[in-house]
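Working notes, beginning with the structure itself.
In the text below, chain A, chain B and the rest are named by the order of the sequence lines, each starting its count at 1. The figures here come from the full heavy-atom set of this structure, side chains too, leaving out hydrogens, waters and symmetry mates.
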Amino acid sequence: MSQVRVRFAPSPTGPLHIGGVRTALFNHLFAKKHGGVNILRIEDTDQTRFVPGAEEYIVESLKWVGIEFDEGVHVGGPYGPYRQSDRKSMYRQYADMLIEKGHAYFAFDTPEELDEMRERLKAGGMSAQYDAVSRMGMKNSLTLPADEVAKKLANGDAYVIRAKMPRKEEIRFEDLIRGWVSFNSSQLDDKVLMKGDGMPTYHLANVVDDHLMKITHVIRGEEWLPSAPLHVMLYRFFGWEDTMPKFSHLPLILKPEGNGKLSKRDGDRLGFPVFPLQWKDPATGEISSGYKESGYEPDGVANMLALLGWHPSDNREIFSMSELVEAFTIEKISKNGAKFDIDKAKWFNHQYLMAKDNKAIAQELQAGIEAKSWNFDLEYCTKVVALMKEKVSFAKEILTAGSFFFEKPTLFDEKVVQKKWNHTIASQLVDFAKEIENLTEFKAAELETTFKTFAESKQVNPGQLMQPLRLAVSGQAGGPPIFEMLELLGKTTVVERIEWAQKNLVSVSQ
RNA sequence: GGCCCGUUCGUCUAUCGGUUAGGACAAGCGGUUUUCAUCCGCUAAAGAGGGGUUCGACUCCCCUACGGGCUACCA
């Protein structure tokens with residue numbers, strides 16, 4: 001097999017949806033697996049849908065999840081340009097080639113005439129499309145006299161170029177995921193190849209570009225499956241069938257609750273991001289949340305996405321990018337759509353957080369710490385991370401769930417206050433505070449033995465005292481191992497907080 | 001409506017004709033941590049329905065049902 005060349009070809013009409021990221025990921029994995037080339041091509045043939053910033057967003061998003069490209073808009077390469085609007089002048093000759101061969105034709109119908117045709121066909125119970133049957137009743141170079149066509153073209157009358165689909169022909173191709181798929185050309189319409197504005201449609205552009213860029217495998221979403229036979233026909237028309245890429249149509253990512261593919265709107269409605277990075281709509285100013293800003297670890301997101309619709313035959317769940325590359329095969333991609341599961345995404349994130357270096361996490365938290373005007377050195381923050389990370393799904397939660405490491409708690413868990421706090425306990429804790437003030441080694445082990453002997457001397461169950469102690473110091477019912485927590489907080493802070501709580505914490509049940 | 005694709009625990013999935021149908025998330029229960037959100041253990045949980053083919057079908061074929069995608073001078 002010649003060198004594998006794949007492409008990810010999004011259109012810059014807005015932020016890249018998580019399903020698009022997965023498509024890009026599968027392309028990347030496949031390319032890397034086979035020592036091939038991964039290309040980023042921008043499909044911006046619809047100028048009316050251009051959204052400023054979208055292209056940059058796509059590049060940044062993919063970079064964030066660890067997807068690299070060997071060729072593309074942002075890195076260049078020998079088959080450029082990689083933006084279809086920059087390739088505009090290349091397409092017309094291919095459309096002309098098809099016309100010469102009799103596989104395409106000029107069509108002069110106005111939008112109104114097209115609507116009329118569709119209405120008429122629908123009323124007659126026929127399929128409402130511009131096809132081998134209906135085209136004979138329309139205004140095109142197949143029905144109009146040659147001189148009139150020439151005159152219209154010379155006049156600059158508006159026209160499009162349409163593919164001339166054969167009336168009845170079986171079109172079969174082998175999809176690497178689904179096996180043989182067949183269509184009959186009688187069901188296909190004469191798709192527009194060149195639009196009135198001189199731009200090609202996706203169909204023409206993607207076939208021409210894939211051919212010119214020597215793409216060997218097209219890995220794209222299932223929504224493209226219905227137009228695949230058109231593309232196959234185009235390869236046939238051009239005489240490129242021998243080098244036609246192999247197709248793989250990926251199953252869709254579905255909404256978690258019910259049905260339908262996951263869409264832009266679902267994310268914030270259901271409380272999770274559908275975009276890799278936060279996106280601000282330049283037109284409306286509306287903000288859609290992103291995985292990055294929500295606190296997800298990029299390698300965890302890649303791992304989670306890879307397992308949505310693909311799995312090797314073992315029982316592993318955690319894969320680094322290189323392990324994904326190693327294990328990846330197209331044949332192991334499942335055929336059916338996958339519902340997105342936010343709980344699993346969180347679980348993956350926790351796994352990656354646990355595996356991550358504490359100091360690195362602490363460093364990433366610095367901005368958040370500074371924003372709160374907390375003043376602690378990196379060493380201290382690293383220790384906080386070490387204690388807190390197993391308790392949270394996201395690194396940034398360390399700053400909220402573990403805020404007591406940085407400032408005196410202001411909120412105290414009401415339930416615990418009511419259930420476990422009273423004057424006796426409070427004064428006992430103050431006594432305990434006095435004892436630990438004498439400790440020369442303010443370490444978890446010493447604290448624990450001191451605490452236990454103290455409880456014994458007061459003839460109380462250590463458990464009765466432990467939660468109030470935690471409450472006084474952190475305000476919370478739960479948290480990291482208590483004596484390690486006290487050690488990190490330090491003698492002065494712990495004693496101060498116990499004394500403060502004794503004076504200020506009141507249970508109404510008293 | 002038409003065309004196409006799909007259908008294993010609630011969810012993501014393993015199984016490529018012969019298994020006690022496995023794993024993970026979530027759930028429930030229990031344990032550890034004399035607290036807890038972590039951790040550990042256990043439990044419950046599935047082949048859409050109907051026909052074939054076969055000694056044998058979750059696996060192959062057909063039909064039905066259900067789900068999804070597409071049906072633009074959008075990608």
Side-chain angles (χ1 to χ4, degrees), chain A residues 9-13 43-46 48-49 84 107 109-111 114 118 122 125-130 158-162 175 177-178 181-184 186-189 191-203 205-206 220-229 249 251-252 254 256 258-261 304 307-318 331-332 334-348 350 354 388-393 397 401 413 416 420 451-452 455 461-471 474 476-482:
Chain A
S11 61
T13 54
E43 311 237 328
D44 57 345
T45 52
D46 186 355
T48 64
R49 293 215 303 162
Q84 289 180 331
D109 317 277
T110 63
L114 290 172
R118 292 194 181 101
K122 213 181 283 179
M126 324 256 289
S127 58
Q129 55 181 21
Y130 206 116
Y159 67 90
V160 299
I161 297 176
R162 286 181 181 273
D175 184 288
I177 296 171
R178 292 155 207 285
V181 181
S182 62
F183 295 79
N184 195 292
S186 63
Q187 302 296 332
L188 272 28
D189 62 344
K191 277 276 181 305
V192 170
L193 265 19
M194 290 295 294
K195 299 186 272 189
D197 63 1
M199 281 296 258
T201 57
Y202 166 85
H203 303 294
N206 109 87
R220 77 228 300 192
E222 192 185 351
E223 68 268 29
W224 293 108
L225 195 49
S227 53
H249 291 94
L252 266 15
L254 276 14
N259 311 306
K261 70 174 170 177
M304 176 269 293
L307 260 34
L308 218 48
W310 170 84
H311 202 286
S313 295
D314 54 34
N315 285 334
R316 282 184 296 168
E317 297 286 336
I318 304 298
E331 293 69 30
K332 286 287 178 186
S334 47
K335 299 176 175 69
N336 47 311
K339 281 184 190 158
F340 184 83
D341 183 357
I342 191 60
D343 285 323
K344 198 134 188 188
K346 284 181 182 163
W347 177 82
F348 270 113
H350 183 254
M354 290 305 289
M388 287 301 297
K389 73 171 181 179
E390 71 174 28
K391 301 286 174 183
V392 298
S393 295
E397 289 175 343
D413 191 302
V416 183
K420 311 244 171 143
F451 182 80
K452 280 182 178 162
N461 188 328
Q464 276 181 286
L465 226 43
M466 196 171 283
Q467 208 166 16
L469 173 59
R470 180 185 287 283
L471 177 78
S474 76
Q476 296 178 19
I482 189 160

Next on the checklist: What contact category does A/Thr13 fall into here, base, sugar-phosphate, or nothing, at under 4.0 angstrom with non-hydrogen atoms?
Outcome noted: nothing
Checklist entry - Counting any heavy atom closer than 4.0 Å, what does A/Asp175 reach on the DNA or RNA strands: base, sugar-phosphate only, or nothing? => result nothing
Checklist entry - Using the C1' atom in both, what is the distance from B/U19 to B/U35, to the nearest Å? => result 45 Å
Checklist entry - How long is the line joining CG of A/Asp314 and P of B/G22, in whole Å? => result 17 Å
Checklist entry - Any Lys/Arg nitrogen of A/Lys344 or A/Glu317 sitting under 4.0 Å from an Asp/Glu carboxylate oxygen of the other? => result yes
Checklist entry - Looking across every strand, which nucleic acid part, if any, lies under 4.0 Å from A/Arg118 by heavy atom: base, sugar-phosphate, or nothing? => result sugar-phosphate
Checklist entry - Can you tell me how far CG of A/Asp341 sits from CG of A/Leu308, rounded to the nearest 0.5 angstrom? => result 8.5 Å
Checklist outcome for this item: When rounded to whole Å, the CG to P distance for the pair A/Asp189 and B/C74 reads 13 Å
Item to check | Under 4.0 Å protein heavy-atom contacts per nucleotide of nucleotides 35-42 of chain B, with B for base, S for backbone only and - for none | outcome: BBBBS---
Next on the checklist: Can you tell me how far apart CG (A/Leu469) and OG (A/Ser474) are? Round to the nearest 0.5 Å.
Outcome noted: 9.0 Å
Checklist entry - Roughly, in whole Å, what's the span from CD in A/Glu331 to P in B/A14? => result 13 Å
Checklist entry - Under 4.0 angstrom, heavy atoms only, what part of the nucleic acid is A/Lys389 near: base, sugar-phosphate, or nothing? => result nothing
Next on the checklist: Students often get this wrong, so: under 4.0 angstrom with heavy atoms, is A/Asp413 touching a base, only sugar-phosphate, or nothing?
Outcome noted: nothing
Next on the checklist: Checking A/Tyr202 now: which residues fulfil ring-ring contact (aromatic ring centres under 6.0 Å, His included) with it, not counting sequence neighbours?
Outcome noted: A/Trp224, A/His231
Checklist entry - How many angstroms lie between OG in A/Ser393 and CZ in A/Phe348, if you round to the nearest 0.5 Å? => result 13.5 Å
Next on the checklist: If I pick the P atom on B/G50 and the same atom on B/C4, what distance separates them, to the nearest angstrom?
Outcome noted: 26 Å
Next on the checklist: One character per nucleotide, please: for nucleotides 43-48 of chain B, 5' to 3', B when the base has a protein heavy atom closer than 4.0 Å, S when only the sugar-phosphate does, - otherwise.
Outcome noted: ------
Checklist entry - Is there a donor-acceptor contact under 3.5 Å linking the side chains of A/Tyr130 and A/Asp109? => result yes
Checklist entry - When you compare B/G18 with B/G1, how far apart are their C1' atoms, in angstrom units rounded to a whole number? => result 45 Å
Checklist entry - Got A/Arg162 and A/Leu193 here, is their nearest side-chain heavy-atom distance under 4.5 Å? => result no
Item to check | Within-4.5 Å side-chain heavy-atom neighbours: A/Lys195 and A/Asp46 | outcome: yes
Checklist entry - Which residue lies toward the 5' end of RNA chain B, A/Thr110 or A/Ser313, if each is placed at its nearest nucleotide? => result A/Ser313
Checklist entry - Distance between the C1' atoms of B/U15 and B/U8, in whole angstroms? => result 10 Å
Checklist entry - Reading nucleotides 3-13 of chain B from the 5' end, what letters show protein touch, with B for base, S for backbone sugar-phosphate only, - for no heavy atom under 4.0 Å? => result SSBSSS--SBS
Checklist entry - So what does A/Arg162 touch, heavy atoms closer than 4.0 Å: a base, only the sugar-phosphate, or nothing? => result sugar-phosphate
Next on the checklist: So A/Val160, base contact, sugar-phosphate only, or nothing? Heavy-atom distance under 4.0 Å.
Outcome noted: base
Item to check | Pairwise P distance for B/C58 and B/C66, with rounding to whole Å | outcome: 24 Å
Item to check | Span that lies between the C1' atom of B/C5 and that of B/C40, in whole angstrom | outcome: 43 Å
Checklist entry - Should B/G6 form a Watson-Crick or G-U wobble pair with both distances under 3.5 Å, which nucleotide is its partner? => result B/C66
Next on the checklist: Give me the distance, rounded to whole Å, that separates B/A72 from B/U13 when you measure between the C1' atoms they each carry.
Outcome noted: 37 Å
Checklist outcome for this item: note: A/Gln129, atom CD; B/C70, atom C1'; distance rounded to Å ~ 12 Å
Checklist outcome for this item: Regarding the side chain of A/Arg49, the nearest nucleotide among B/C74, B/G69, B/C73 is B/C74
Next on the checklist: Say we look at B/U38 and B/A44: how far apart would their C1' atoms be, to the nearest angstrom?
Outcome noted: 24 Å
Checklist outcome for this item: If pairing means Watson-Crick or G-U wobble with both distances under 3.5 Å, then the partner of B/G41 is B/C29
Checklist outcome for this item: pair_partner(B/U19), Watson-Crick or wobble, both distances < 3.5 Å, evaluates to none
Next on the checklist: Testing the 3.5 Å rule here: is there a donor-acceptor pair between the side chains of A/Lys191 and A/Thr201?
Outcome noted: no
Item to check | Side-chain heavy atoms of A/Lys335 within contact of A/Pro251, under 4.5 Å | outcome: no
Checklist entry - In whole Å, what is the span from the CG atom of A/Leu114 to the P atom of B/C73? => result 6 Å
Item to check | Integer-rounded Å distance: B/C25 P and A/Phe348 CZ | outcome: 9 Å
Item to check | Residue-phosphate contact under 4.0 Å: A/Lys191 side-chain N/O, B/U71 OP1/OP2 | outcome: no
Next on the checklist: Could you check whether any side-chain heavy atom of A/Phe340 comes within less than 4.5 Å of a side-chain heavy atom of A/Lys261, counting everything from C-beta outward?
Outcome noted: no
Checklist entry - Listed by chain and number, what are the side chain to side chain donor-acceptor pair (under 3.5 Å) partners of A/Lys420, not counting sequence neighbours? => result A/Gln467
Next on the checklist: Whether A/Thr45 contacts B/C74 is assessed here as follows: a side-chain N or O lying under 4.0 Å from the phosphate OP1 or OP2. Is that the case?
Outcome noted: no
Next on the checklist: Looking only at the side chains, is there a donor atom on one of A/His249 and A/Arg178 sitting less than 3.5 Å from an acceptor on the other?
Outcome noted: no
Item to check | All ring-ring contact (aromatic ring centres under 6.0 Å, His included) counterparts of A/Phe451, not counting sequence neighbours | outcome: A/Phe432, A/Phe483
